[in-house]
Amino acid sequence: MSIADYYNFVIIPILGLSVILVFIRFLRGPSIADRVISLDMLILMAIGIVVIYSIIHNQSTFLDIAMLFALIAFLGTVAFAYYLEERRKRDE
Amino acid sequence: MIKALLLANILLAAIWILATGTITQENFVFGFLISFGVLWVITPDRSRNDYFTIVPKLASFTVFLLYQIIKSNIQTLIASLYPKSKLSPAILKVPLTVETDGEITFFSHVLNITPGTLVIDVSDDKKALYVHVVHCEDKEAYIKELKEVFEKRVLELTR
Amino acid sequence: MNEIIVMILTTIGALFVLSTALAMVRKRDVYLRINVTTKTATLGLGLILGAAMFYFNEYSVTTRVLATIIFVGLTAPIGGHMLARAAYINKTEKWEGMKIDDLAGQYDPKKDILHSEDMNTKFEPPTDYDQPSTK
């Protein structure tokens, strides 16, 4: 059993299942903070999937995209948190 | 004093690299360790010098932090498979002994990357930290444990 | 030998990510979700990235992977902290299982400051009661 087969048939389904579970929370989430944190988690899991694909196809260039995703995840979370606080101040 | 010794250490490591002629990371780390030993030998009174205690302290703190992260991650993994009613989360007020902004940032980041605790806010007069914990049965004991396990180590490192 | 280490590291990392997703669905309020998920996801992701580091075994890949691990480890907990603070200020509902809440009544919405002594400013998020069937 080669490493590509193991990743294709075991690891990618586990990560896909976690993406589906987090997406359920993203759709159902009662508040905005739930949706923002599940968006953050979705991007982190996307980083994991990109790294797994770079191992399967033996292409280390894909890791640059993982780094880019990490930057975007942090920026998105901080911007949403700032927006939530400012919106509370504007409403009063 | 610390800065001068650190600069001397890096300089000696660079000289080691020039002398051996191979530019790799392992060689730099090896040269850094050798010049650390040389500086340790040639400094007259080591007890008054912070530099020789802060490097081993930093290394032991890193190991301690990794151990705590792995241990409490496994605890959280088990706790997330429990029935829902067994957890008792709480927001605790932890009074601070650390004073400056840098120490507070460092301490709260250590609490943040350890699973089970999440810093929600710092009070405006910098005297208390509001921490959300996953499972808390005894309030006083938990606060005491946080202060003794984590804050003491941070204080040892920064002072 | 090297491939076995890579497989073990990725498996443990993927299991941590799966536990994160399970916790995301099962926990009852926002604060617990933020508290549990940001940390375990960071550790699982770090293990998967470390597996890539062992697999390629080149300097350019190692430095890139280490930079990504350090960046994720520094920023994911900070994002969780900011989000939890924004959620508390916005009065997001808390679960009734949260018995002790020292932060209740400490914010002063008029002057926009947070006290450290015991105050009573009536600033507190509402409690979200369970349905009796799920108790």
Side-chain angles (χ1 to χ4, degrees), chain A residues 1-3 6-7 10-15 17-26 28-34 36-38 40-41 44-45 47-49 51-52 54-55 58 60 62-64 66-67 69-71 73-78 80-89 91-92, chain C residues 3-4 6-7 10-11 13-15 17-22 24-27 29-31 33-34 37-38 41-42 44-45 47-49 51-52 55-56 58 60-61 64-65 67-69 71-72 74-76 78-93 109-110 112 128:
Chain A
M1 191 179 186
S2 71
I3 197 164
Y6 179 68
Y7 280 179
V10 180
I11 303 290
I12 296 277
I14 291 178
L15 289 178
L17 182 66
S18 8
V19 167
I20 291 173
L21 287 176
V22 175
F23 201 75
I24 290 173
R25 175 54 68 194
F26 179 72
R28 268 177 45 189
S31 65
I32 299 181
D34 281 308
V36 178
I37 193 68
S38 40
D40 195 19
M41 285 305 118
L44 285 189
M45 285 166 190
I47 297 175
I49 293 176
V51 172
I52 295 292
S54 91
I55 292 180
N58 210 352
S60 63
F62 289 170
L63 291 173
D64 290 341
M67 212 166 174
F69 272 11
L71 288 168
F74 179 57
L75 271 184
T77 315
V78 170
F80 264 115
Y82 187 73
Y83 158 72
L84 283 178
E85 289 192 19
E86 289 300 308
R87 192 186 65 164
R88 198 251 335 180
K89 280 176 196 158
D91 283 349
E92 280 171 1
Chain C
E3 287 197 347
I4 294 175
V6 172
M7 279 183 185
T10 15
T11 312
L15 286 181
V17 171
L18 182 66
S19 85
T20 303
L22 276 178
M24 203 74 175
V25 175
R26 292 185 58 182
K27 298 290 179 207
D29 67 348
V30 187
Y31 310 105
R33 274 175 220 139
I34 294 173
T37 55
T38 50
T42 311
L45 203 61
L47 284 174
I48 293 178
L49 281 165
Y55 181 75
F56 288 110
E58 299 167 22
S60 58
V61 176
R64 244 182 290 164
V65 164
T68 315
I69 289 178
F71 189 79
V72 171
L74 278 180
T75 54
I78 292 178
H81 151 72
M82 287 193 71
L83 210 57
R85 191 181 122 105
Y88 200 95
I89 287 180
N90 270 292
K91 297 191 181 180
T92 311
E93 291 163 351
K110 296 256 169 51
D112 206 10
D128 177 24

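Naming convention: chains lettered A, B, ... in sequence-line order (proteins, then strands); numbering from 1 in each chain.
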A side-chain contact here means heavy atoms from C-beta on lying under 4.5 Å apart; do Glu93(C) and Asp29(C) qualify?
no
Please classify the contact between Ile20(A) and chain C as side chain, backbone, both or neither, with a heavy-atom cut-off of under 4.5 Å.
neither
Decide yes or no for Phe56(C) and Asn58(A): does some side-chain heavy atom of the first lie under 4.5 Å from some side-chain heavy atom of the second?
yes
Measuring heavy-atom distances to chain A, does Thr92(C) have an atom under 4.5 Å in its side chain, in its backbone, in both, or in neither?
side chain
Closest-packed option against chain C by number of heavy-atom pairs under 4.5 Å, given Leu44(A), Leu17(A), Asp34(A):
Asp34(A)
Determine the option with the most heavy-atom pairs under 4.5 angstrom with chain A, choosing from Val61(C), Leu83(C), Ile78(C).
Leu83(C)
Parallel, tilted or perpendicular: rings of Phe74(A) and Phe71(C) (30°, 60°)
perpendicular
Please look at Tyr7(A) and chain C and tell me whether the side chain, the backbone, both or neither of the residue comes under 4.5 angstrom of a heavy atom of that chain.
side chain
For Leu15(A), is it the side chain, the backbone, both or neither that has a heavy atom under 4.5 Å from a heavy atom of chain C?
side chain
Heavy-atom side-chain proximity of Met82(C) to Glu85(A) below 4.5 angstrom:
no
Under 4.0 Å between a Lys/Arg side-chain N and an Asp/Glu carboxylate O for Arg64(C) and Asp64(A)?
yes
Please rank Arg25(A), Arg28(A), Met45(A) by heavy-atom pairs under 4.5 Å with chain C and give me the top one.
Arg25(A)
I'd like to know which of Ser31(A), Ala33(A), Ala66(A), Ala81(A) tops the heavy-atom pair count under 4.5 Å against chain C.
Ala81(A)
Check: Val30(C) and Ile37(A) side chains under 4.5 Å, non-hydrogen atoms
no
Tell me whether the count of non-hydrogen atoms from other residues, nucleotides or ligands lying under 6.0 Å of OH in Tyr55(C) goes above 12.
yes
Only pairs of heavy atoms separated by less than 4.5 Å count here; which of Asp40(A), Ile14(A), Val10(A), Val22(A) has the most with chain C?
Ile14(A)
If I measure from the heavy atoms of chain A, does Leu45(C) come under 4.5 Å with its side chain, its backbone, both, or neither?
side chain
Pairwise distance CG(Leu63(A)) to OG(Ser54(A)) - rounded to 0.5 angstrom
4.0 Å
Which bit of Ser60(A) comes within less than 4.5 Å of chain C, counting heavy atoms only: side chain, backbone, both or neither?
both
So which of Leu84(A), Val19(A), Ile24(A) has the largest heavy-atom pair count under 4.5 angstrom toward chain C?
Leu84(A)
Using heavy-atom distances under 4.5 Å, tell me whether Val6(C) contacts chain A through its side chain, its backbone, both, or neither.
both
Within-4.5 Å side-chain heavy-atom neighbours: Thr38(C) and Met41(A)
yes
Do other residues, nucleotides or ligands put more than 12 heavy atoms under 6.0 Å from Phe69(A) CZ?
no
Residue Ser60(C) versus chain A: region with a heavy atom under 4.5 Å:
neither
Check each atom of Met67(A) against the heavy atoms of chain C and say whether the ones under 4.5 Å are side chain, backbone, both or neither.
both
Looking only at heavy atoms and a cut-off of under 4.5 Å, which of Val72(C), Thr37(C), Leu49(C) has the most pairs with chain A?
Thr37(C)
